[in-house]
Participant: 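Can you read through this structure? Questions will come right after.
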Amino acid sequence: MKWGLIGASTIASEQMIGAIRAQSGHEVVTVLSSDSARGRDYAVKHGISASTTILDDVLRGSDIDAVYISTTNDKHLPQALAAIGAGKHVLCEKPLAMTVEDAAIMVRAAEGAKVVLATNHHLRNAGSHLAIRDLIRSGRLGKILSIRIFHAVMLPEHLRGWRIDNPLAGGGVIPDIVVHDADTVRFYLDEDPSEVVAMEFSGSMGQGVEDSAMSVWTTPSGVMVQTHESFTHPFAASGIEVHGTKGSVIARNVMTQQPVGDILLRTASGEEQVAFSTHNLYQRSVAKFAEAVAGTGQASATGVDGVKSLAVAEAVKTAASTGQRTTVDYGEF
Ligand code: NDP
């Protein structure tokens, strides 16, 4: 599969170029940047043979099958629609778009063009989260009562930029991290959060956008979810807990890009460590996307999954801004 990168981004350089090249027969042929010098430097640094500032060069001037979109969030919609219009399969970064309506337009366009649109929610590709989901599905935890998510981290200096000062580019911890937590909860429970209360805060880092949020969600089956997302916590470490009538899972350091962490299962029989696969999260995301393109499987997170995680984040934003308990609006989905 030949890939075009739309966006000379950090996540492509740190994870996705390697993840694409790890697949047999996959190749990155070109990269789009809005700045010709940056695009050229990026291509040279990563051994990509071409770079361009013109989207049409990627979509029609090169012989690619798929694009990976990792520009700032405001650009995902127009770039995805152009790629879909050119008949290319699209693996798009989260959040899929700036609004649920825009994300739904992307899904409908891909359906109409019969191309794959997937969302790069990496966490559901982690061996740790797959293992926790298996425990939930096996009934070891009984009826699920609640989930607590600890996703307050210190945003590394090189990732600050638009994330901490530009709402028009999609900055803020809610579009950045709440979408991942929403996707993980949906992945675990196979149901969609229904109502949200939330507060947000802009402390030491955010300039015009929130750098911290806490929220509580409910689901149709009565699970209560408590979440904490932040860019400003150097020592908190991440984690997730799932509590059921027959057991609890306490997982630490698992809300991360790396295949790391610890999972403890506590039941009436005592405590045990849960083993899990330590495969690369991003390689699995690309492999599942390729299966969807080949018609032999499904993307790990589909376009609809991207719409739904964004809908929860939008509800958190609305609840935090208004102080009102907010119903999650999944639009047509
Ligand atoms: P970056 O800031 O690294 O890249 C975003 C855009 O910023 C690039 O497309 C590039 O524009 C521009 N840019 C990059 N470096 C510079 C620079 N030195 N000077 C000026 N502009 C620059 O963002 P991320 O890689 O962190 O995030 C990109 C997308 O990926 C976002 O949608 C984000 O939410 C998502 N993401 C997903 C992760 C996941 O695990 N699923 C993890 C991290 C991010 P141009 O292309 O025009 O050159």
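Read the numbers this way: they start at 1 and go in the same order the structure lists the ligands and their atoms.
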Participant: Please list, in number order, the atoms of ligand 1 under 4.0 Å from a heavy atom of Asp176.
Facilitator: 34 (O)
Participant: So that I can tick it off, tell me whether Glu241 and Arg252 are bridged by a salt bridge, with the cut-off set at under 4.0 angstrom between side-chain N and carboxylate O.
Facilitator: yes
Participant: Distance check, rounded to the nearest 0.5 Å: Lys143 atom NZ versus Ser221 atom OG?
Facilitator: 5.0 Å
Participant: Under a 4.0 angstrom heavy-atom cut-off, which atoms of ligand 1 come close to Ser9?
Facilitator: 3 (O), 4 (O), 25 (O)
Participant: Name the atoms and distances for all side-chain donor-acceptor pairs under 3.5 Å in residues 258-269, with sequence neighbours left out.
Facilitator:
residue	atom	partner	partner atom	Å
Arg266	NE	Glu271	OE2	2.8
Arg266	NH2	Glu271	OE2	3.2
Thr267	OG1	Ser269	N	3.2

Participant: Considering only heavy atoms of Ser34, which atoms of ligand 1 have at least one such atom less than 4.0 Å away?
Facilitator: 45 (P), 47 (O), 48 (O)
Participant: Considering only heavy atoms, which of His180, His158, Arg38 lies nearest to atom 16 (C) of ligand 1?
Facilitator: Arg38
Participant: Check whether any side-chain heavy atom of Glu229 sits under 4.5 Å from a side-chain heavy atom of His151, and report yes or no.
Facilitator: yes
Participant: Test your reading of the model: is there a side-chain donor-acceptor pair from Glu332 to the backbone of Ala104, 3.5 Å cut-off?
Facilitator: no
Participant: Heavy-atom contacts under 4.0 Å between His121 and ligand 1: side chain, backbone, both, or neither?
Facilitator: neither
Participant: Looking only at distances, can you tell me whether any N or O atom of Thr72, backbone or side chain, sits closer than 3.5 Å to an N or O atom of ligand 1?
Facilitator: no
Participant: So between Gly7, Cys92, Ser70, Gly39, whose heavy atom ends up nearest atom 5 (C) of ligand 1?
Facilitator: Ser70
Participant: Under a 4.0 angstrom heavy-atom cut-off, which atoms of ligand 1 come close to Arg163?
Facilitator: 24 (P), 26 (O), 27 (O), 33 (C), 43 (C), 44 (C)
Participant: Measure the spacing between CG of Leu155 and NE2 of His233 and express it to the nearest 0.5 Å.
Facilitator: 13.0 Å
Participant: Which of the atoms in ligand 1, numbered in the order shown and given with their element, are less than 4.0 Å from a heavy-atom of Thr71?
Facilitator: 9 (O), 28 (C), 29 (C), 31 (C), 32 (O)
Participant: Has Ile69 got any heavy atom lying under 4.0 angstrom from an atom of ligand 1?
Facilitator: no
Participant: Pick one of side chain, backbone, both or neither for how Leu159 approaches ligand 1, counting any non-hydrogen atom pair under 4.0 Å.
Facilitator: side chain
Participant: We want to know whether Thr232 and Asp211 form a side-chain donor-acceptor pair, criterion being a heavy-atom distance below 3.5 angstrom.
Facilitator: no
Participant: Using a strict 4.0 Å cut-off to heavy atoms of Leu32, name the atoms of ligand 1 that fall inside it.
Facilitator: 46 (O)
Participant: Which heavy atom of the protein is the closest neighbour of atom 14 (C) of ligand 1, given with residue, atom name and distance?
Facilitator: Ala8 O, 3.5 Å
Participant: Between Tyr42 and ligand 1, which part of the residue brings a heavy atom under 4.0 Å of the ligand: side chain, backbone, both or neither?
Facilitator: neither
Participant: Just need the protein heavy atom nearest to atom 3 (O) of ligand 1, so name the residue and atom and give the distance.
Facilitator: Thr10 OG1, 2.4 Å
Participant: Counting only heavy atoms, tell me which of Glu93, His122, Gln15, Met16 gets closest to atom 30 (O) of ligand 1.
Facilitator: Glu93
Participant: Under a 4.0 Å N-O cut-off, is there an ion pair linking Asp305 with Lys94?
Facilitator: no
Participant: Taking only heavy atoms of Asn73, which atoms of ligand 1 are found under 4.0 Å from at least one of them?
Facilitator: 31 (C), 32 (O), 34 (O)
Participant: Could you check whether Glu111 pairs with Arg108 (Lys NZ or Arg NE/NH1/NH2 to Asp/Glu carboxylate O, under 4.0 Å)?
Facilitator: yes
Participant: Do the side chains of Trp162 and Ile177 join up, straight or via other hydrophobic residues, at under 4.5 Å, putting them in one cluster?
Facilitator: no
Participant: Strictly by salt bridge (charged side-chain N to carboxylate O under 4.0 Å, His left out), give each pair with a member in residues 71-88 just once, sequence neighbours left out.
Facilitator: none
Participant: Which of the numbered atoms in ligand 1 are below 4.0 angstrom from a heavy atom of Ser33?
Facilitator: 45 (P), 46 (O), 47 (O), 48 (O)
Participant: Give the contacting part of His76 toward ligand 1: side chain, backbone, both or neither, where contact means a heavy-atom distance below 4.0 Å.
Facilitator: side chain
Participant: Measure the spacing between NE2 of His129 and CD1 of Ile240 and express it to the nearest 0.5 Å.
Facilitator: 6.0 Å
Participant: Under 3.5 Å, is there a donor-acceptor pair linking the side chains of Thr10 and His158?
Facilitator: no
Participant: Does an N or O anywhere in Tyr282 fall below 3.5 Å from an N or O of ligand 1?
Facilitator: yes
Participant: Looking at non-hydrogen atoms alone, which of Lys94, Glu14, Gln79 comes nearest to atom 34 (O) of ligand 1?
Facilitator: Lys94
Participant: For atom 2 (O) of ligand 1, what is the nearest protein heavy atom, given as residue, atom name and distance?
Facilitator: Trp162 NE1, 2.8 Å
Participant: Quick one: look up the protein heavy atom nearest atom 25 (O) of ligand 1 and list residue, atom name and how far away it is.
Facilitator: Ile11 N, 2.8 Å
Participant: With no hydrogens and no angle check, do the side chains of Ser215 and Thr227 hold a donor and an acceptor under 3.5 Å apart?
Facilitator: yes
